[in-house]
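These notes are about the structure you will find just below.
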There are 2 protein chains.
Amino acid sequence: MSELLYYDLKDVAGVAPSLATQVCRELGRRIVGGLVREGALIDDENKLCERFGVSKSVVREAVKLLVAKGLLEVRRGSGTRVRRRASWSLLDDDVLAWHLSVEPRPGFLNQLLEVRQVFEPSAAAWAAKSATRDQIDEIRAAQRKMENAEEIQDYVVADALFHRAVLRAANNEVLMAMEGVIFSALLSSIRLTNADPRDNKRSIPLHQKVLAAIEAQDADAAEAAMKEHLEGTRERLAQFTADESEGK
Amino acid sequence: MSELLYYDLKDVAGVAPSLATQVCRELGRRIVGGLVREGALIDDENKLCERFGVSKSVVREAVKLLVAKGLLEVRRGSGTRVRRRASWSLLDDDVLAWHLSVEPRPGFLNQLLEVRQVFEPSAAAWAAKSATRDQIDEIRAAQRKMENAEEIQDYVVADALFHRAVLRAANNEVLMAMEGVIFSALLSSIRLTNADPRDNKRSIPLHQKVLAAIEAQDADAAEAAMKEHLEGTRERLAQFTADESEGK
DNA sequence: ATGATACTAAACATCAGATGTTTCAATTGT
DNA sequence: ACAATTGAAACATCTGATGTTTAGTATCAT
């Protein structure tokens, strides 16, 4: 197990993830990245042990994890194969992260944003109706962090925290489970828009608008403001990917 | 491993799931069901082996699966503990199913339906814009099945197929990953409204309306029709849970 | 030739037990 | 008291043996 050793945002700083986790990530990235065709058999357990230099237990745990994420299907006797893309758990944090770390297609980012455009405005509306004082404080704190951020990274993280806080304030457990989707989407937007910090700061007033509406318990305004903000994000993404495919 | 042996909808008929899967389900159900407090340590590997009568490999695989689903957190040296509820992957098919198979609170079903009310109308709108002929055929086929269903079970399954077909026709991969949410929600509604078949048949014209709008490529109408349908479902659920808590 | 049966190799499933590593807490020496 | 040491508990990994299922192949009777 020398070639591997992946670190992830989820890992606590300095602590190496278990071998099983590492093998899982390596295989997951390759599958999501399309290096193994859908429906194709992957190497058998022994081959995998050899390839990664680990024991069978480790390989088995890794494979099981990928089965749980819908990426693999193992059949005793015949082997382990990649399931068709439609069966993958795209809402799983890891699967999503692998997609975004590997996926060059702008189409996927678009689809992700489309989905955010659907549920985040509703989340804002619900937050306006049901947010507690603490939850509003959390949103406000994120807003302040965005305003005070000097480094682009701090800004983007604060942005993500803002959206997560709104999601939490909606007080819907199922919705809250989409937290990972937001973080992943934001994270990948870092890569795209990293270049131009000024462009990002532009979205502060729109966040402010969302916050104000939630503070005022005005559900309609909150929904509209969030919708407006995401529409802006979408336009910028479209413009950026256009530049990308054309200019480069 | 005698006491266990759970079967699930996912299992192919007649094929017993692996021991690891069974142990995973048993532990998962107990955790989701609240038999183990959040933050509490669970039994160590040896104890679990003893309790379930399986070897350590099996227990480890099961635990790893639950870690992947966000239910557990293992720390070498100190033990394995239940993560706080907010960290659970509520969108994972299994976790969702465990919730619904165990959760007595009507609040959760409500939240699930709220989320459906958010994204299914949009899915219908997108389907109206981008569905292929085959995808529309799939929706229509489900509609016919609902109309021709004689048994209540066939009816409910057809209902689920209808909603899934709409989701697919939206041609958004991320959205499609919410398929499991719909099936789980529908499945649990079986238990609630099982009693009155006539009441269910009432929703056929609303499904028809959605189908017609999608066929006509009228996005606004499709969105409105789906919204109307889900609103009806919601009212019935509210009424039903009211009866439940009052009458019984 | 053809169809059914039996055999076999491949691949996953499970078990058992040994050894390493990390954490936490109790013990010990000052 | 306090800091360092020690040891038990618990997870991580390895090894190798044995069982089960599957798919393909070879064989044999008709």
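If you're wondering where the values come from, they're calculated on a predicted model, not measured in any experiment. Just so it is clear: chains get the letters A, B, ... in the order the sequence lines come, proteins before strands, and each one is counted from 1.
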Rounded to whole Å, how long is the line connecting atom CZ of B:Arg81 with atom C1' of D:dC11?
13 Å
Please report, rounded to the nearest Å, how far the P atom of C:dC12 is from the CD atom of A:Glu45.
5 Å
SB check B:Glu38 B:Arg81 (cutoff 4.0 Å)
no
Whole-Å distance between C:dT14 P and B:Gln22 CD?
8 Å
Give the rounded distance in Å between these two atoms: CG of B:Leu72 and C1' of D:dC11.
13 Å
Considering just the side-chain nitrogens and oxygens of A:Ser78, establish if one lies under 4.0 Å of OP1 or OP2 belonging to D:dT22.
no
Report yes if a side-chain nitrogen or oxygen of A:Thr80 is closer than 4.0 Å to either non-bridging phosphate oxygen (OP1 or OP2) of C:dA11; otherwise report no.
no
Strictly below 4.0 Å: does A:Arg75 bring a side-chain N or O up to OP1 or OP2 of C:dC12?
no
At what distance, to the nearest 0.5 angstrom, does CG of B:Leu65 lie from CZ of B:Arg25?
10.5 Å
Can you tell me which nucleotide in D:dT15, D:dC11, C:dC12 comes closest to the side chain of B:Val74?
D:dC11
Distance in angstrom units between B:Arg60 CZ and C:dG17 C1', rounded:
15 Å
salt_bridge(A:Glu61, B:Lys64) N-O dist < 4.0 Å:
yes
Please compare B:Glu61 and B:Lys56 by the position of their nearest nucleotide in DNA chain C and report the one closer to 5'.
B:Glu61
Nearest of C:dC15, C:dA13, D:dT13 to any side-chain atom of A:Leu19?
D:dT13
Against the side chain of A:Ser18, the closest entry in D:dT13, D:dT20, C:dA16 is D:dT13
Quick one: on DNA chain C, does B:Arg76 or A:Arg76 contact a more 5' nucleotide (nearest heavy atom)?
A:Arg76
Counting side-chain heavy atoms from C-beta on, which of C:dC15, C:dC12, D:dC11 comes nearest to B:Asp44?
D:dC11
Where the side chain of B:Ser55 is defined as all heavy atoms beyond and including C-beta, which of D:dC14, D:dA12, C:dT14 is the nearest nucleotide?
C:dT14
Could you tell me whether the phosphate oxygens of C:dA13, OP1 or OP2, come under 4.0 Å of any side-chain nitrogen or oxygen in B:Ser57?
no
May I have the distance from B:Glu73 (atom CD) to C:dT23 (atom P), rounded to whole angstrom?
13 Å
Whether B:Glu73 and B:Arg83 form a salt bridge (side-chain N of Lys/Arg under 4.0 Å from carboxylate O of Asp/Glu) is what I want to check.
no
Among D:dT13, D:dA12, C:dC12, which is the nearest nucleotide to the side chain of A:Val58?
D:dT13
What is the distance, to the nearest angstrom, from the NZ atom on A:Lys47 to the P atom on C:dC12?
10 Å
Could you tell me how far apart A:Leu48 (CG) and C:dA10 (P) are, to the nearest whole angstrom?
17 Å
Is it true that B:Arg51 and B:Asp43 have a side-chain N and a carboxylate O under 4.0 angstrom from each other?
yes
